[in-house]
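These numbers were taken from a predicted model, which means no experiment stands behind them. Proteins come first, then strands; the chains are lettered A, B, ... in the order of their sequence lines, and each starts at number 1.
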2 protein chains.
Amino acid sequence: MPAQRADARRNHARLLAVAEEEIAAHGADASLEQIARVAGVGSATVRRHFPNRRALLDAVFRGRIEALCAHARDLGSTADARTALLEWLRAVTEYGASTRGLAVALLRDTGASADAEHGNTCANELAAAGEPLVERAAEAGAVAPGVTAEDLVTLVTGITLATEHHPDPVAEADRMLGLTMAGVLPQG
Amino acid sequence: MPAQRADARRNHARLLAVAEEEIAAHGADASLEQIARVAGVGSATVRRHFPNRRALLDAVFRGRIEALCAHARDLGSTADARTALLEWLRAVTEYGASTRGLAVALLRDTGASADAEHGNTCANELAAAGEPLVERAAEAGAVAPGVTAEDLVTLVTGITLATEHHPDPVAEADRMLGLTMAGVLPQG
DNA sequence: CTAAGATACGGAGGGCCCCGCCACTTAGCA
DNA sequence: TGCTAAGTGGCGGGGCCCTCCGTATCTTAG
C-alpha cells in the first residue's frame, strides 16, 4: 500500500538526481524543461512532483540541510559553546558557498511560492537546529545580545550570495564570516 | 554636432524613468519588454540603449550611487574616522535596503555581462569612494586588519540581499549591519 | 527651405521557457 | 487476467529575450 506508485517514486528520485546536477551546473535558475529532458520525462511530470522551483530546490538540498542540522545536534555536547557555534556556522557557510543554488534556496521568498503554508523550509530548519547552539553561547556570554539563530542564517545566506561571484567562493565566504563574527569595527 | 540625436536622448531619459518605476515595482528582473511597452518604444530600442540588463540597472542607479560617493567624500573631513565610516555604511545600507533591485545591481556578475570590460561599475565606484574612509579608520585602529572597502561593500550587498524578504527591510538590514560591525561573537 | 546622409526606430520572427489541459498508458489490486 | 485510478507525456498558449532589416526621422550642408 504505497502512498505512491513505484514508477512515480522512481521518477521522483531520478528527477532529484538530475536536478542536482543541473543546478550545480547552471545555478538555481536551471531550466526545468532541461531537467525533464535529461531525466527522460515530460515537463509536466516535473511540475507534478515539484509544483514550484522552490519546492524542487528544497527537495534537492534537504538531505544536506539535514546533515547540517545533525551536525548542530552533535555539537551540542561540545565543551566550548562559542567554538561549537562558530564551527557550525563555518560548516554551513562552507557548504553554502560550495554548493551552487543553495544560497538562493535559503533565501526567503517573497511572493508567489511563499504562499505554500510552510514559509521557507531550508532556512527554517537550519535556524531551528542552530537555536540551541546560539542559546548556549548566549548563556556563556559569547554572543552579542539580541542575536537569534535566524539572524545568523540570514547573515550566512547574505555572505554566500554576495561571494558567489568570487573566484574562490569558499575561502572568501569563510573570510567574510570571520569578519562578521569578530566584528569589522570591534572596538567602541 | 551632438554625439547623439535629440530623439535618442529623449528615449534614453524616458526609458530610464520608466525602468526605475518598473524595477521598483517588480524588482531587478523586471521585464524589459514591459519597460519598452510603457515607455512607448520598441523592444529593440531598449536593447540599443542598454545592451545588458546589468547596463540598465547600472544606469538607473548611477545617480544615487554617485550621491553616496559624494557623501563618502564629505565624511572624509569628519573628526572621528570610525564614526565617519559607520555613518557611510549605514547610509549605503539604508539606501540599498529601501531600493528594490539595487542589491542585485551591486552584486558582482559572473558570466556573460561581466565580459564588458568594466567589471561591476556600481560596486566598484562605491568601493573606491569608501576606500579613504576605510584607510583612515584603519590608521586609527578602528577597523579589523585586512578589511578592504570592497569587503564592506560585499558585506552590505549580502545583507541587503538577505533582508529583502523582510517586512521592514530597512530596519532589519540596519540591525544586521550593526551586528556585523560590532561582531556577533565579539570576545575571543 | 530643401534634399542627402547618417542615425535611430520598431515590428516580425526564432528560440526558449513556464504553465495548464487532456487523452492515454501502466502499475497495483482482486 | 481484467479493472481502476494514479501517473504520464505531448500539445498549445502566452511571455520573454534577442536579432535582423526595412523604414522613419533628425541633422547638416547646400
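Interface residues of residues 33-41 of chain B facing DNA chain D, ordered by number: B:Glu33, B:Arg37; criterion, heavy-atom separation under 4.0 Å.
Relative to the side chain of A:Ser31, the nucleotides C:dA12, C:dC18, D:dC26 differ in distance, and C:dC18 lies closest. If you check D:dG9, C:dA27, D:dT19 against the side chain of A:Ala6, the one that comes closest is C:dA27. Distance from the side chain of A:Ser43 is smallest to D:dC11 among D:dC11, C:dC18, D:dC17.
Salt bridge A:Glu22/A:Arg37: absent, no basic N to carboxylate O contact under 4.0 Å. With salt bridges taken as basic N to acidic carboxylate O contacts below 4.0 Å, none links B:Glu94 and B:Arg90. With respect to A:Glu172 and A:Arg175, a salt bridge is recorded, a charged nitrogen being found less than 4.0 Å from a carboxylate O. The pair B:Arg62-B:Glu125 counts as a salt bridge, with a side-chain nitrogen and a carboxylate oxygen less than 4.0 angstrom apart. Looking at A:Asp7 and A:Arg5, a side-chain N of the basic residue comes within less than 4.0 Å of a carboxylate O on the acidic one, giving a salt bridge. Between B:Asp29 and B:Arg53 there is no salt bridge, since none of the side-chain N atoms of the basic residue sits less than 4.0 Å from a carboxylate O of the acidic one.
If you take CZ of A:Arg47 and C1' of C:dC21, they are 13 Å apart, rounded to a whole angstrom. Regarding B:Leu56, its CG atom lies at a distance of 12 Å from the P atom of D:dC18, rounded to whole Å. Put simply, CG on B:Asn52 is 12 Å from C1' on D:dC18, counting in whole angstrom units. If you measure from atom CZ of B:Arg9 to atom P of C:dC9, you get 12 Å, rounded to the nearest angstrom. Per the geometry, CG belonging to B:Leu32 stands 13 Å off C1' belonging to D:dG15, to the nearest Å. Distance CZ (B:Phe50) to P (D:dC17): 15 Å, rounded to an integer number of Å.
Side-chain contact check for A:Ile65 versus A:Leu102: some heavy-atom pair is nearer than 4.5 Å.
Nearest-nucleotide positions on DNA chain D place A:His12 closer to the 5' end than the other of A:His12 and B:Arg10.
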Polar-atom pairs under 3.5 Å, protein N or O versus N or O of nucleotides 3-7 of chain D: list them with distances, or write none.
unit_1	atom_1	unit_2	atom_2	d
D:dA6	N3	A:Arg5	NH1	2.5
D:dG7	OP1	A:Arg5	N	3.3

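Without hydrogens or angle criteria, B:Arg82 side chain to A:Leu185 main chain gives a donor-acceptor distance under 3.5 Å.
Ring-plane geometry between B:His12 and B:His49 is classed as perpendicular, the angle between the planes exceeding 60 degrees on a 0 to 90 degree scale with a lower cut at 30.
One finds a side-chain N or O of A:Arg53 lying less than 4.0 angstrom from the OP1 or OP2 phosphate oxygen of C:dC18.
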